[in-house]
Every structure is written in structure tokens, then in C-alpha cells.
Amino acid sequence: MKKRTFALALALTMALSLTACGSNPAASNPGSNPGSSPSSNPGSASTPQDAGEFNPDVAQDAMTIEELRAANGTEVAVPADAELAVVMKSLSNEFWRTLEEGYQQAASDAGITIEVDATTSENDEILQQTMTENFTTGGKTALMLSPISDSNLTSAVESAKAAGVLTVNVNDGLIAQANHYVGPNAAQNGELAAAWLSEKLGDQGEVAIVIGMPKAFAARQRTAGFKQWIADNNSGLVVVEEQNADWDRNQAKTIAANWIQNHPNLKGIFCNNDTMALGVVEAVKEAGADILVVGVDGIGEAYESIRNGGLSATIDSFPFYMGQIATEVTLRSLNGETIPSVVQTPQALIDSTNVDMDAAEIINWVPPIYTAG
């Protein structure tokens, strides 16, 4: 395959995030199961999962929020009885705090209340299940869920659906049983990072990958997308190490320090999130090494690190706008609108060339128009 440049990869990702993603032959309404969506796409660089598994990265009916508005109208009616709740990961991570801010902005715009609950750690799967069950029995009409793993909320979601509660899977991990999935194409996170490193390194050199939690869909797909881009483009980048750090900054720093000692020719490190990437930056600085570091999420500290010459780049998934999009999709689904199994949210690579641009300008954000239902 002819090698693609970073500019082309960036243009492709923004196009997928902000323009048409394809037709909508199998849209779903509340109560449908997106797990029936196709699990592979011959034209995608994303790595398909096992046959029968739901993979939002390659769902055939995926749409952007712009496409959804074009199909269903720009106005969103707010049901009078809408009772929304959110379950997410630890708010000690800035990404999840920013996602919560997006939910609350949407709640303010729509004139509703959204109740948010989150774990105190990134691995308390049982507590998330309890939170979800409590919201179901508490009379919520819809739940927006970001589970720790692909399995810890399975039974809770099945119970919610049996009780007539709409479930929307937001960002990560994956819930095959949920009515809809809202989030970025995780494999494209990795593709963008690989394309950028290829451009900066002249498409040659040793690179490594710091993986998040192996149970997390986003961690698997980001890693797979990175390696798939290298394979698809016959790239000269060589992955010499990959190890999980469970989204932890200190673990990532320790891992990177060992790699720097063992691989004196290491030129780039891709991390599945910014928290780990910032730990890697610390290791690189302490070693006095010349290594490019790319993260994912676009948290504020990552932006500051880029400005200060620390972190090389981040793939921003714009959680503030993701929360607003998830809320809009949830309200539209409660209204009985035809909604696809997957609504993709915008993402873009941020480096020193665009770190000071306004996020709304980068993604061409247009807020929804809410009306009384």
C-alpha cells in the first residue's frame, strides 16, 4: 500500500469525525441491540474483533452528530419526564471531569438535571455496577455509562433495559448490550499517533506503546490502530516494546525508564492516554533522552506540557463536547427518533502547531437547539 503522509491521516480522521461516515441501513430505536451491527469493515484500517462481537469502530451504520442532525432536524425536543443519570470512571482523571462538565453544560442548555456518579478509582468495577442498578431502581429514564471494562456493567444494563430504561454507552469501555454507543473511533486514535510519529521520524526508528487497562476497549483499539497503521503503510517504524500501565502515571514512568535503558535507539512512545504519557515525559526528561511522546485525551495538563516543550502531541477526543453529544443523542432516542447504533464524536491531533486554537473552532462545533417536548 502506498504510504500515506501525516497530513492525509489527519484529514481523514477529521473528515470521519465531522463529515459523512456512510449510509444508515440499520438504525436502531430504544430497545434495539447494537451488538447486531457488522463486526468488520473491509475498507477500514481498524482491527476487527472476533466474529459476532460488537465493535463501534467499524459499525456500518455509524453517523456523526452532524449527519444525525441533517437526518432528524436541528431541534431537539426535551421530554417532560426525562430523568438522566451518568456512571463514569474516577473524577481524579481530568478527562472524566471534563466529560462531566460537558454533561452539565448540556443539562443547563436543555433545562434538565443530570445526576452523575463516579468511582474513586479506575478499577472499582463492582461499585459501578451498584451505581447503575441504583439509578435503574431509582426511576431514571436513561443512563449514560462509561464502564471500567467491557463486562462489569453487562448484567446491570440488561436489568435496566428490562425495566424500560434507555442505556447509552459513552466512550469506554464497551457495552455490547447498550442501545447506543457515543464516542470517538478508538482505533483512529492510534492511527493518528502512528502517522504523526512516522512524519516526524522520517518513517524510521524504534517505537513503543504504553497500554491502558487490557480490559478496556479503547486501550485495545488504540493499540491495534497504531500497529495496524504501521502494517498497512509498510512503515519503517518498529514496535520494540508494549506493556500495560493500567492508566497509571507512575507505572508508565517506571516502564518508560526501563525502556530507555534497554533501548538506546528508542525514538517514540505512544501512550493510550495523557495521564500515562505525562509520566513517560517525566522519564524521558530525567534520562535526558530525545524521544517523542504522544498521548490520547487532550486533557489540560497535556496541552500545557505541549506548550512547554514536554509532551509532543495528544489526540484530543474533546470530552466536553462528547458529553453534550451523548446527552443530545440520549434525548433524541427518548423521543423515539431513528438513531444509529453508533454516533461518532470528533477528535483531532494536537501539537505545537494548533495547541492554542479554540477547540470549538477545530471541530466546527454547533450547539444543539433544545425545545420543550
Sorted by chain and number, sequence neighbours left out, salt bridge (Lys or Arg N to Asp or Glu O under 4.0 Å) with Asp297 holds for Arg222
Neighbour count >12 (heavy atoms, 6.0 Å) for atom CG, Asp290: no
Taking Val329's backbone N and O only, do any of them form a donor-acceptor pair with Ser333's side chain (distance below 3.5 Å, no angle check)? no
Side-chain heavy-atom pair Trp196, Leu292 within 4.5 angstrom cut-off: yes
Taking Ser198 for its side chain and Ala194 for its backbone only, find out whether a donor-acceptor pair lies under 3.5 Å. no
At what distance, to the nearest 0.5 angstrom, does CG of Asp81 lie from CG of Leu334? 7.5 Å
Asn185 and Gln347 side chains, donor-acceptor separation under 3.5 Å: no
In terms of heavy-atom contacts, Gly323 and Leu99 come closest through N-CD1, 3.5 Å
Whether Ser108 side chain and Gln104 backbone form a donor-acceptor pair below 3.5 Å: no
Applying the side-chain contact (heavy atoms from CB on, under 4.5 Å) criterion to Val293, which one of Leu197, Val281, Thr314 satisfies it? Val281
Indicate the ring-plane relationship of Tyr321 and Trp365, choosing parallel, tilted or perpendicular according to the 30° and 60° boundaries. tilted
Give every residue pair that meets the salt bridge (Lys or Arg N to Asp or Glu O under 4.0 Å) criterion with at least one member in residues 175-186, sequence neighbours excluded. none
So CG of Leu192 and CH2 of Trp229: to nearest 0.5 Å the spacing works out to 10.5 Å
For Thr371 and Glu75, which I'm curious about, is there any donor-acceptor pair between the side chains at under 3.5 Å? no
My understanding is that only residues two or more places apart in sequence, or in another chain, count here; which of them pass ring-ring contact (aromatic ring centres under 6.0 Å, His included) with Tyr303? none
Are Ile369 and Val366 connected in a single hydrophobic cluster, I mean Ile/Leu/Val/Met/Phe/Trp/Tyr linked by side-chain heavy atoms less than 4.5 Å apart? no
Between Ser235 (side chain only) and Ile230 (backbone N and O only), is there a donor and an acceptor less than 3.5 Å apart? no
Scan residues 85-105 for pairs that pass salt bridge (Lys or Arg N to Asp or Glu O under 4.0 Å), counting only residues two or more places apart or in two chains. Lys89-Asp172
Taking the side chain from Gln344 and the backbone from Gly183, do they hold a donor-acceptor pair closer than 3.5 Å? no
Whether the side chain of Ser305 engages the backbone of Glu301 through a donor-acceptor N/O pair (distance < 3.5 Å, no angle test) should be reported. no
Say you draw a straight line from CG of Asp61 to CD1 of Ile339; how long is it, rounded to the nearest 0.5 Å? 11.0 Å
When you measure from the side chain of Asp203 to the backbone N and O of Gly236, does any donor-acceptor pair fall under 3.5 Å? yes
Ignoring hydrogens and angles, write down the donor-acceptor pairs under 3.5 Å from the side chains of residues 137-148, residues two or more places apart or on other chains.
unit_1: Thr137; atom_1: OG1; unit_2: Glu133; atom_2: O; d: 3.2
unit_1: Thr137; atom_1: OG1; unit_2: Asn134; atom_2: O; d: 3.1
unit_1: Lys140; atom_1: NZ; unit_2: Glu115; atom_2: OE1; d: 3.1
unit_1: Thr141; atom_1: OG1; unit_2: Glu83; atom_2: N; d: 2.8
unit_1: Thr141; atom_1: OG1; unit_2: Glu83; atom_2: O; d: 3.2
unit_1: Ser146; atom_1: OG; unit_2: Val170; atom_2: O; d: 2.7

Strictly by salt bridge (Lys or Arg N to Asp or Glu O under 4.0 Å), give each pair with a member in residues 268-283 just once, sequence neighbours left out. Arg249-Glu282, Lys253-Glu282
Pairs satisfying ring-ring contact (aromatic ring centres under 6.0 Å, His included), at least one member in residues 150-173, at least two apart: none
Looking at Lys161 and Gln177, would you say the former's side chain and the latter's main chain have a donor-acceptor pair under 3.5 Å? yes
Calculate, to the nearest 0.5 Å, the distance between atoms CD1 and CG belonging to Ile362 and Asn354 respectively. 5.0 Å
Heavy atoms only: give me the nearest Ala160-Thr136 pair and the separation to one decimal. CB-OG1, 3.4 Å
All side chain to side chain donor-acceptor pair (under 3.5 Å) counterparts of Glu328, not counting sequence neighbours: Arg69, Arg332
Distance-only, no hydrogens or angles: does the Asp57 side chain make a donor-acceptor pair with backbone N or O of Ala187 under 3.5 Å? yes
Using a 3.5 Å distance criterion without hydrogens, assess whether the side chain of Asp150 forms a donor-acceptor pair with backbone atoms of Leu174. yes
Could you work out, with side-chain contact (heavy atoms from CB on, under 4.5 Å) as the rule, every residue matching Ala257, not counting sequence neighbours? Ala283
Got a sec, which residues hit side-chain contact (heavy atoms from CB on, under 4.5 Å) with Gln105, two or more places apart in sequence or on another chain? Asp109, Phe320, Gln324
Sequence-distant partners of Asp124, side-chain contact (heavy atoms from CB on, under 4.5 Å), two or more places apart: Thr119, Ser121, Ile126, Leu127
Could you report the tightest heavy-atom contact between Phe270 and Gly190, atom names first, then the distance? CZ-CA, 3.9 Å
Using only heavy-atom distances, determine whether the side chains of Ser90 and Asn93 contain a donor-acceptor pair under 3.5 Å. no
Residue pair Leu331 / Pro79, side-chain heavy-atom distance below 4.5 Å: yes
What's the spacing between Ser149 OG and Ile175 CD1 if we round to 0.5 Å? 9.5 Å
With sequence neighbours left out, write down each residue that passes ring-ring contact (aromatic ring centres under 6.0 Å, His included) with Phe95, or none if nothing qualifies. none
When rounded to the nearest 0.5 Å, the distance separating CG of Leu91 from CH2 of Trp96 is 10.0 Å
Find out whether Lys227 and Ile209 are in side-chain contact, i.e. whether some heavy atom of one side chain is under 4.5 Å from a heavy atom of the other. yes
